[in-house]
Amino acid sequence: MLEHAERVKQSLQGGLIPAVPVPRYADGRIHDEAQAAYASYLARQNIAGVAVWAHTGRGLHLQPGQRRDILRLWRSVLGPSRIVIAGAGALPDSALSMAARIERWRIDSKRMAEEAIAEGADALLVFPPVLLRELPAHEREEAAAEYHRDLARLGIPLVIFYLYEGAGGWSYSLDLLRELLSLPHVIGIKIATLDSIMTMQNIARLLAEEFPGQMHITGEDRMFGYALMRGAQSALVGLGAAFPNIQADLIRAYRVQDYARFLDLSERVDGFAEMTFTEPMDKYILRMLHCLVFAGVIPQEAAHDMAGYEMTEQELTSIRQGIDKYRLY
């Protein structure tokens, strides 16, 4: 298991992991042909692997059979040389009592993790256990730590997920992060604070000073280049879902100290992010699907997201113009 964890970390080092969306018809059904075409397209790009069942792929809303088919497709297309990270978590059943909700949620979360392992996932991205925030203050952090300990017992590499609360995350304290980063099989943390630069800096400093062996994986779509400057060694981002090569080039430029190229690429990546990761923020998934349409990867009929957003002609024109302006491919 230690050898496998090191392989995953080596693959992540300097690499880009797109969090992939799921192309759908307007009625919500998964568009299988578009999904296959999308996987084939990304496999030809400069990526270290993909993240499936994450927020970008509406992972917590997928049925088990859908999750299985999605992971199998990506595992097959990417082959053994690149990694597949799978989201792990569950949606609580609001019809149950609090104690029953937590118990059912724990069972469902662990089942999702076990399904990922059975289908060949290389690592798990652990969704923040936001249900536990409803516990009394003196209980919630220990419950969160125990939840991660339970998943760590499965023996697969874990990536902690620091996600800002506006996107359904949990603002973990530094003490809780210390406990989580000390768990066996944890290989790093994905940091996605969106607009809290101080939080990102504080976690980056914690990693650099106290956990130098843990991976700093940025999820900061809106401050991608700066996250690299603060120690991010790789990226796991929804921003990479359509045009990953420019972001992979940005990571490489910083790592080889080609700072003139880094500044040029950073300006272009930031422009792309400002165009696609904007309010309403959750609409970014639909925007990325339309980027794939404009790139000729998937058909228009497959550019739908289960959240029900619609794109205006003005938004579509802006995206088309941005793709050209920022020379994304």
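The shown structure was predicted, so the numbers you read here are calculated from the model rather than taken from an experiment.
Looking at every heavy atom in both residues, Gly49 comes nearest to Pro18 through O-CD, 3.0 Å. Nearest heavy atom pair, residue Ile251 against residue Ala235, reads CD1-CB, 4.1 Å. Closest heavy-atom contact between Gln45 and Asn245: OE1-ND2, 3.0 Å.
Side-chain contact check for Asp108 versus Asp93: every heavy-atom pair is 4.5 Å or farther apart. No side-chain heavy atom of Asn202 sits under 4.5 Å from any side-chain heavy atom of Arg205. Residues Ile187 and Val159 form a side-chain contact, since some pair of their non-hydrogen atoms from C-beta on lies under 4.5 Å apart. At a threshold of 4.5 Å between non-hydrogen side-chain atoms, the residues Gln314 and Thr317 do not count as touching. Side-chain contact between Tyr164 and Met281 is present, with at least one heavy-atom pair separated by less than 4.5 Å. Looking only at side-chain heavy atoms (C-beta outward), Val126 and Leu180 stay at 4.5 Å or farther from each other. You'll find the side chain of Ser40 reaches within 4.5 Å of the side chain of Arg44, heavy atoms only. Between Gln13 and Arg255, the closest side-chain pair of non-hydrogen atoms falls below 4.5 Å.
Between the side chain of Gln233 and the backbone N or O of Ile217, no donor-acceptor pair lies under 3.5 Å. With hydrogens and angles ignored, the 3.5 Å screen pairs no side-chain donor or acceptor of Lys283 with any backbone N or O of Thr278. A donor-acceptor pair under 3.5 Å is formed between the side chain of Lys190 and the backbone N or O of Leu236. Remark: side-chain polar atoms of Gln300 are not paired, donor with acceptor, to backbone N or O of Val293 under 3.5 angstrom. At distances below 3.5 Å, at least one donor-acceptor pair connects side-chain atoms of Arg268 with backbone N or O atoms of Tyr326. A donor-acceptor pair under 3.5 Å links the side-chain atoms of Lys9 to the main chain of Gly213, judged by distance alone. Checking side-chain atoms of Glu139 against main-chain N and O of Pro136 turns up no donor-acceptor pair under 3.5 Å. Gln247 places a side-chain N or O within 3.5 Å of a backbone atom of Gly240 that can act as its donor or acceptor partner. At distances below 3.5 Å, not a single donor-acceptor pair connects side-chain atoms of Asp221 with backbone N or O atoms of Ala273. At least one donor-acceptor pair under 3.5 Å links the side chain of Arg133 to the backbone N or O of Gly169.
Of the candidates Ile191, Leu207, Ile189, Ile189 is the only one forming a side-chain contact (heavy atoms from CB on, under 4.5 Å) with Leu177.
Within the model, atoms CD of Gln35 and CD1 of Ile298 stand 9.5 Å from one another, a figure rounded to the nearest 0.5 Å. Note that CD1 of Ile70 is 4.0 Å distant from CD1 of Ile30, once rounded to the nearest 0.5 Å. Annotation: the span from Arg104 atom CZ to Leu96 atom CG amounts to 8.0 Å, rounded to 0.5 Å. Going from atom CZ of Phe277 over to atom CG of Leu194 covers 9.5 Å, rounded to the nearest 0.5 Å. We find the CZ-CG distance between Phe127 and Leu60 to be 4.0 Å, quoted to the nearest 0.5 Å. Rounding to the nearest 0.5 Å places CD1 of Ile83 at 8.5 Å from NE2 of His4.
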Just distance, no hydrogens or angles: give the donor-acceptor pairs under 3.5 Å from side chains in residues 115-122, sequence neighbours left out.
from, atom 1, to, atom 2, distance (Å)
Glu115, OE1, Arg67, NE, 3.0
Glu115, OE1, Arg67, NH2, 2.6
Glu115, OE2, Arg67, NH2, 3.2
Glu119, OE1, Arg72, NE, 2.8
Glu119, OE2, Arg72, NH2, 3.3
Asp122, OD1, Arg7, NH2, 2.7
Asp122, OD2, Arg75, NH1, 2.6
Asp122, OD2, Val84, N, 2.8

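Salt bridge annotation for Arg252-Asp249: absent, with no cationic side-chain nitrogen under 4.0 angstrom from a carboxylate oxygen. Salt bridge Asp305/Arg287: absent, no basic N to carboxylate O contact under 4.0 Å. Under a 4.0 Å N-O distance rule, the pair Asp195/Arg222 does not qualify as a salt bridge. Note on Arg261 versus Asp264: no salt bridge recorded, every NZ/NE/NH1/NH2 to OD/OE distance being 4.0 Å or above. With respect to the salt-bridge test (charged N to carboxylate O, under 4.0 angstrom), the residues Arg149 and Glu146 qualify.
Both Leu183 and Leu174 are part of a single hydrophobic cluster, where members link through side-chain heavy atoms under 4.5 Å apart. Cluster annotation: Leu16 is not connected to Val77 through the hydrophobic network of ILVMFWY side chains, with a link wherever side-chain heavy atoms come within less than 4.5 Å. Hydrophobic clustering (side-chain heavy atoms under 4.5 Å, transitive across Ile, Leu, Val, Met, Phe, Trp, Tyr) keeps Ile107 apart from Leu91. Connection of Met306 to Met288 is not established within any shared hydrophobic cluster, with ILVMFWY side chains joined at heavy-atom distances below 4.5 Å, either directly or through further cluster members. Neither Leu292 nor Leu73 shares a network with the other; the hydrophobic side chains, linked directly or stepwise wherever heavy atoms of I, L, V, M, F, W or Y lie under 4.5 Å apart, form separate groups for each.
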**Verdict with reasoning, Met200 to Thr218, per side-chain contact (heavy atoms from CB on, under 4.5 Å)** = CA-CA 9 Å; Met200 189 270 277; Thr218 187; 6.0 Å; no

**Asked** Taking it one step at a time, do Asp282 and Arg58 satisfy salt bridge (charged side-chain N to carboxylate O under 4.0 Å, His left out)?
**Response** CA-CA 11 Å; Asp282 195 45; Arg58 303 295 186 192; 2.9 Å; yes

**Request:** For Glu6 and Glu3, run side-chain contact (heavy atoms from CB on, under 4.5 Å): C-alpha distance rounded to whole Å, both residues' side-chain angles, the deciding distance at 0.1 Å, then the answer.
**Result:** CA-CA 5 Å; Glu6 284 304 312; Glu3 182 179 334; 5.8 Å; no

**Request:** Please assess Glu179 against Glu141 for the test side-chain contact (heavy atoms from CB on, under 4.5 Å), listing each intermediate value before the final yes or no.
**Result:** CA-CA 10 Å; Glu179 187 157 4; Glu141 290 204 347; over 6 Å; no

**Message:** Between Ser182 and Arg178, is the side-chain hydrogen bond (donor to acceptor under 3.5 Å, both in side chains) condition met? List the steps.
**Reply:** CA-CA 6 Å; Ser182 299; Arg178 287 185 177 96; over 6 Å; no

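Every residue meeting the ring pair (Phe, Tyr, Trp, His ring centres under 6.0 Å) condition with Phe262, not counting sequence neighbours, appears here in chain and number order: Tyr254. The side chain to side chain donor-acceptor pair (under 3.5 Å) search around Thr199 returns Ser196, not counting sequence neighbours. Listed by chain and number, the residues in a ring pair (Phe, Tyr, Trp, His ring centres under 6.0 Å) with Phe243 are Phe272, Tyr329 (sequence neighbours excluded).
Sequence neighbours left out, not one pair with a member in residues 192-236 passes ring pair (Phe, Tyr, Trp, His ring centres under 6.0 Å). Contacts classified as ring pair (Phe, Tyr, Trp, His ring centres under 6.0 Å) and involving residues 16-74 (residues at least two apart or in different chains) are given here: Tyr25-His31, Tyr38-Trp74.
Around atom CD of Glu267, no more than 12 heavy atoms belonging to other residues, nucleotides or ligands sit under 6.0 Å away.
Ser109 and Arg106 are not linked by any side-chain donor-acceptor pair at a separation below 3.5 angstrom, with hydrogens and angles left out of the test.
Using cut-offs of 30° and 60° on the angle between ring planes, the pair His148 and Tyr172 is perpendicular.
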